[in-house]
Amino acid sequence: MKFKSVFDIIGPIMIGPSSSHTAGAARIGRVARSLFGRKPEWAHISFYGSFAKTYRGHGTDVAIVGGILDFDTFDERISDSLNIAKQEKIKIKMSEEEALTDHPNTARIRLGDKDGELEVVGISIGGGKIEIIEMNGFELGLSGNHPALLVVHNDHYGAIAGVANLLAKHQINIGHMEVGRKEIGSEALMTIEVDQNIGDDVLKDIEKLPHIIKATRIHE
Amino acid sequence: MFRNVSELVELSISKNVPISEVMIEQEMEVTGRSKETVMELMEKNLDVMEKAVERGIREGVKSHSGLTGGDAVLLQKYIESGKSLAGTTVLDAVSKAVATNEVNAAMGTICATPTAGSAGVVPGTLFALRDKLNPTREQMVRYLFTSGAFGFVVANNASISGAAGGCQAEVGSATGMAAAAIVELAGGTPEQSAEAMAIALKNMLGLVCDPVAGLVEVPCVKRNAIGASIAITAADMSLAGITSRIPCDEVIDAMYKIGQTMPTALKETAQGGLAATPTGRELEAKIYGVPLKKK
């Protein structure tokens with residue numbers, strides 16, 4: 001069953017007008033911000049498909065920047081996010097892409113500052129639900145049906161075991177897991193789908209483990 | 001866990017509890033949350049719906065595109081004039097559904113039920129019936145759980161997305177959900193809720209998703225309006241003892257299959273239907289500031 005909670009049906013509380021083009025866009029922006037882990041100095045956003053055609057009318061641009069500012073779907077500051085970004089000195093660049101994507105509502109976000117860069121590709125699948133399908137060039141195979149955990153880490157022995165052990169300690173069951181790296185010893189990514197919701201305490205504990213750079217959750 | 005409407009109704013009867021209670025208990029089981037928390041979370045949704053309705057019927061909000069806004073206020077004034085033909089409750093529900101969708105189109109805060117584009121029907125009917133039936137706050141929260149229970153079945157067996165199933169999946173689902181919840185609020189049985197949902201959804205089958213300029217405005221706002229009136233009528237029919245010859249689950253399945261065979265041009269792509277009319281195209285060109293494409 002794709003929908004598990006009554007709050008998938010009655011909810012989310014959100015700024016209009018579209019659960020897919022506004023709330024979903026805000027959530028994609030917020031996951032990018034959360035994975036980047038800090039306020040970026042610049043953000044480059046590319047819209048594809050239906051996002052590219054209708055982003056102004058739906059406030060997809062405003063919503064995605066709101067997400068990058070770490071606003072939730074119901075945060076009323078979303079409607080003023082372009083100004084707020086300017087005040088916070090975040091340089092925003094947006095482009096409409098012609099390329100065809102598998103999903104009509106696709107956005108690519110690059111965030112950066114002097115210490116680094118991050119790139120994610122997200123899709124908005126309806127009712128405010130989203131999936132992150134790519135991160136820093138890693139393809140993510142998330143079903144979107146379960147809460148998921150993304151862990152950026154150094155490609156080093158013990159990193160994966162450490163996270164798995166910690167989840168076991170918190171009695172969180174892993175339903176699906178993928179690991180990938182660009183090359184031996186470089187940055188790597190764990191994508192873990194779990195059966196229970198992941199609390200802030202678990203994320204903090206994971207980040208304290210050796211070789212872990214950043215941990216974020218995506219689905220609630 | 002119930003998978004379809006007949007299981008939902010059976011659970012409600014065998015446990016001797018209303019459908020809202022079946023949904024609440026399932027939510028507690030799936031999320032591990034307490035009853036108190038689950039009820040509180042839903043009450044937050046109710047608060048947001050109430051604020052949006054109030055804002056829409058008082059302020060007459062306008063969307064950025066200028067396509068929608070102000071109609072909820074017009075309807076409220078018309079009701080006050082005492083000339084309404086459909087009756088106060090139906091028209092009040094219509095105006096409050098419109099109010100919610102006007103606030104949504106103006107980038108205001110709403111609660112998706114089940115989506116943002118179809119967010120008007122459930123709260124519109126609820127806040128109109130509040131004046132008629134004087135429910136407690138808890139009964140109003142339960143109304144949302146009952147709507148949610150039926151929406152849950154549709155989402156898992158068919159679709160609640162216009163891009164996947166057309167408007168029948170969005171406003172159609174919302175209308176069926178509201179009809180079922182109205183029955184419970186008015187003191188009807190679980191079976192009558194299912195009949196109301198079936199009657200309401202049958203009258204939304206085949207409805208396409210053809211928004212002008214791809215925006216959640218035209219015709220979405222007015223489809224929520226008429227959805228609210230259908231929901232109340234279907235609930236009344238069911239409470240009068242009328243049943244649907246086709247069971248609710250089969251109506252949902254028919255909706256799913258119609259959605260699958262519906263052309264892509266009529267599923268939230270702004271390529272067909274009202275979006276492709278001369279006026280629809282003209283409005284689109286005006287909004288995006290681009291010249292009309294020659295056909």
Side-chain angles (χ1 to χ4, degrees), chain A residues 1-24 26 49-63 66 72-81 96 103-105 123-129 145 147 171 195-197 199 220, chain B residues 1 3 23-24 26-27 30-32 38 41-42 44-45 47-48 52 63-65 101 103-117 119 122 144-145 147-152 154-156 159-164 173 177 211 213-217 220 268-270 284 287-288:
Chain A
M1 297 234 252
K2 208 163 172 85
F3 294 79
K4 289 203 163 59
S5 164
V6 69
F7 297 106
D8 288 337
I9 311 297
I10 309 294
I13 295 171
M14 53 167 282
I15 304 292
S18 164
S19 38
S20 54
H21 287 63
T22 318
S50 169
F51 269 8
K53 290 199 187 83
T54 65
Y55 74 90
R56 281 198 192 91
H58 279 122
T60 308
D61 48 350
V62 179
D72 211 331
T73 54
F74 53 81
D75 196 318
E76 286 179 6
R77 290 175 295 175
I78 279 184
S79 54
D80 198 33
S81 68
E96 299 153 38
H103 195 276
N105 300 333
I123 59 176
S124 180
I125 61 167
K129 275 191 162 239
N145 295 342
Q171 299 184 339
D195 295 333
Q196 293 88 354
N197 281 320
E220 304 252 345
Chain B
M1 200 183 239
R3 285 165 302 177
M23 188 73 249
I24 293 165
Q26 178 171 303
E27 185 69 20
V30 168
T31 61
V38 170
L41 278 171
M42 195 58 97
K44 268 188 202 158
N45 288 344
D47 291 342
V48 167
S63 70
H64 295 294
S65 73
N101 284 86
V103 168
N104 179 57
M107 289 195 84
T109 310
I110 56 102
C111 178
T113 54
T115 64
V122 169
L144 301 181
F145 279 107
S147 314
F150 283 89
F152 182 85
V154 179
N156 282 313
S159 168
I160 51 165
S161 150
S173 301
M177 288 157 59
L215 302 179
V216 192
E217 299 197 44
C220 320
E268 214 178 343
T269 52
E284 182 180 4
I287 290 162
Y288 295 118

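Convention: sequence-line order gives letters A, B, ...; per-chain numbering from 1. It should be emphasised that the depicted structure is a prediction, and the values quoted were computed from it without experimental measurement.
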Rounding to 0.5 Å, atoms OG1 (A/Thr22) and CG (B/Asn104) come to a distance of 7.5 Å
Distance col, row B/His64:NE2 vs A/His58:NE2, nearest 0.5 angstrom, shows 12.5 Å
Cut-off 4.5 Å, heavy atoms of chain A, and the answer for B/Ser65 is neither
Honestly, the part of B/Met42 sitting under 4.5 Å from a heavy atom of chain A is both
Heaviest contributor of heavy-atom pairs below 4.5 Å to chain A, chosen from B/Val30, B/Asn45, B/Val48, is B/Asn45
Query raised in the report: Does the ring of A/Phe7 carry B/Lys44 above it, NZ/CZ under 6.0 angstrom from centre and within 45° of its axis?
Result: no
Checked B/Val38, B/Ile24, B/Ile287 vs chain A; the most non-hydrogen pairs under 4.5 Å come from B/Val38
Under 4.5 Å to a heavy atom of chain A? For B/Ala155 that would be both
CD (A/Gln196) and CD (A/Gln171) are apart, to the nearest 0.5 Å, by 8.5 Å
Closest non-hydrogen atoms of B/Ser147 and A/Ile10, given as atom of the first, atom of the second and distance, are CB-CD1, 4.1 Å
Bottom line for B/Met107: the part with an atom under 4.5 Å from chain A's heavy atoms is both
Chain A shares the most heavy-atom pairs under 4.5 Å, among B/Val154, B/Thr31, B/Asn101, B/Thr113, with B/Thr113
Q) When you look at A/Phe51 and A/His21, which way does the ring-ring contact (aromatic ring centres under 6.0 Å, His included) test go after all the steps? A) CA-CA 7 Å; A/Phe51 269 8; A/His21 287 63; 5.3 Å; yes
